[in-house]
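All values below come from the heavy atoms of this structure, side chains included, with hydrogens, waters and symmetry mates left out.
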Amino acid sequence: PLVARALHAAQLGRVDTPSYVTIIGDGALPLLAAQVLTRLNTSVRLLTDSPRCADLCDRWGVKHRPTADVGRRQDQDAIIVASPSSAHLRLALQLVRPRGGIVLMPETPPGPFAPGKPFPDAPAHWSAGCDLDPLIANEVRLLGAREGSLPDALSMMQRGQIDVIPLITARLMLDDVPEEAAALVKGDHLRVMIEV
């Protein structure tokens with residue numbers, strides 16, 4: 001499902017033509033998005049503060065930088081925010097060019113909103129808020145990406161265009177999960193494979 005979401009975000013962001021694209025985030029989803037987007041466009045970079053993510057970018061030949069080291073010149077055509085962070089949305093607003101686009105794609109998408117209740121209580125990671133005036137002043141498109149096409153994602157994986165094996169950073173037998181659960185939560189794992 002994560003590969004499908006990354007492919008869907010790329011389609012929403014209109015990054016299949018030559019353009020400058022930045023992905024912001026740490027973890028498996030931004031890494032998958034970086035792989036998908038580099039297949040569609042060569043001017044892609046990942047902004048990440050995770051050494052593990054930076055190492056995998058080096059392995060795959062994906063450009064990357066720490067978020068603090070990036071110039072805020074409003075020259076990126078599309079920004080994919082693969083993080084549930086208002087700080088990353090603020091950074092995206094400083095990077096995207098006028099009339100560019102931002103796609104929000106957090107690792108865990110929210111469920112559907114009930115009719116008449118479009119604004120449930122905001123999660124803690126969004127509580128800082130964000131000034132959206134740059135969206136209006138620069139006519140920036142802001143989109144959310146939820147799910148994508150599983151057949152298209154599986155096709156990319158079958159053709160060997162996406163490398164998911166390095167994202168598995170821990171393996172456990174199902175019987176060992178109760179004993180190891182606390183260690184898994186505290187660990188810096190991208191994905192955990194549980195074998196039955």
Side-chain angles (χ1 to χ4, degrees), residues 1-13 15 19-97 100-109 123-126 128 130 134 140 142-146 148 153 156-157 161-170 184-193:
L2 291 182
V3 176
R5 291 184 59 220
L7 185 56
H8 182 56
Q11 293 162 343
L12 286 175
V15 297
S19 54
Y20 294 102
V21 181
T22 294
I23 303 156
I24 304 172
D26 303 315
L29 184 58
L31 287 168
L32 289 168
Q35 288 187 72
V36 167
L37 290 166
T38 54
R39 299 287 180 243
L40 302 173
N41 190 316
T42 55
S43 298
V44 175
R45 67 178 174 181
L46 174 63
L47 301 182
T48 181
D49 295 319
S50 164
R52 186 187 301 258
C53 291
D55 289 345
L56 286 172
C57 284
D58 288 337
R59 176 179 177 168
W60 296 324
V62 174
K63 297 176 210 165
H64 62 89
R65 299 183 78 156
T67 55
D69 290 352
V70 67
R72 288 152 171 79
R73 293 185 291 275
Q74 291 184 315
D75 60 355
Q76 298 297 293
D77 298 301
I79 310 287
I80 309 293
V81 181
S83 157
S85 163
S86 57
H88 285 163
L89 176 56
R90 282 193 299 275
L91 176 60
L93 288 167
Q94 295 171 330
L95 299 174
V96 69
R97 68 167 173 77
I102 297 173
V103 179
L104 300 179
M105 180 184 63
E107 184 122 358
T108 306
H125 49 262
W126 285 107
C130 184
V140 172
L142 179 64
L143 301 169
R146 186 171 164 76
M156 286 187 86
M157 292 169 65
Q161 294 179 313
I162 304 296
D163 187 8
V164 297
I165 300 301
L167 301 178
I168 300 169
T169 55
L184 288 175
V185 171
K186 292 179 184 175
D188 180 28
H189 297 291
L190 294 174
R191 284 290 177 260
V192 177
M193 177 178 276

Taking the side chain as every heavy atom from C-beta outward, state whether [X] and [Y] have any atom pair closer than 4.5 Å.
X	Y	value
L89	I24	no
R65	T48	no
D58	H64	yes
W60	D163	yes
V44	K63	no
L104	L142	yes
L7	L32	no
L47	I23	no

Which heavy-atom pair separates [X] from [Y] by the least distance, and what is that distance?
X	Y	answer
S83	G25	CB-CA, 4.2 Å
V36	A10	CG1-CB, 4.4 Å
G71	L95	O-CD2, 3.2 Å
M157	I162	CG-CB, 4.1 Å
A145	R5	O-NH2, 3.8 Å
Q94	R72	OE1-NE, 2.8 Å

* **Check: D49 main-chain N/O paired with D26 side-chain donor or acceptor under 3.5 Å** =>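 Indeed, once roles are kept as given, a pair shorter than 3.5 Å links the two residues.
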* Report yes or no: does D77 contribute a side-chain atom to a donor-acceptor pair with the main-chain N or O of Y20 at less than 3.5 Å? =>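 Checked: pair present.
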* To do: Identify which one of L143, L29, L12 satisfies the side chain to side chain contact (heavy atoms under 4.5 Å, CB included) criterion when paired with M105.
  =>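 Among L143, L29, L12, the one that satisfies the side chain to side chain contact (heavy atoms under 4.5 Å, CB included) with M105 is L29.
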* What residues form a salt bridge (Lys or Arg N to Asp or Glu O under 4.0 Å) with R59, not counting sequence neighbours? ->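 R59: no salt bridge (Lys or Arg N to Asp or Glu O under 4.0 Å) contacts found.
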* **For R45, salt bridge (Lys or Arg N to Asp or Glu O under 4.0 Å) partners two or more places apart** =>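 Salt bridge (Lys or Arg N to Asp or Glu O under 4.0 Å) check on R45 returns nothing, list empty.
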* Asked: Quick one: CD on Q74 to CZ on R97, what's the gap to the nearest 0.5 Å?
  ->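 Interatomic distance, Q74 CD to R97 CZ, rounded to 0.5 Å: 11.0 Å.
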* Inter-residue atom distance L56.CG - L167.CG, 0.5 Å rounding ->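 The CG atom of L56 sits 6.5 Å away from the CG atom of L167.
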* Tell me, with the steps shown, if Q35 and Q161 meet side chain to side chain contact (heavy atoms under 4.5 Å, CB included). => CA-CA 8 Å; Q35 288 187 72; Q161 294 179 313; over 6 Å; no
* To do: Test L91 against V81 for side chain to side chain contact (heavy atoms under 4.5 Å, CB included), laying out the working first.
  => CA-CA 9 Å; L91 176 60; V81 181; over 6 Å; no
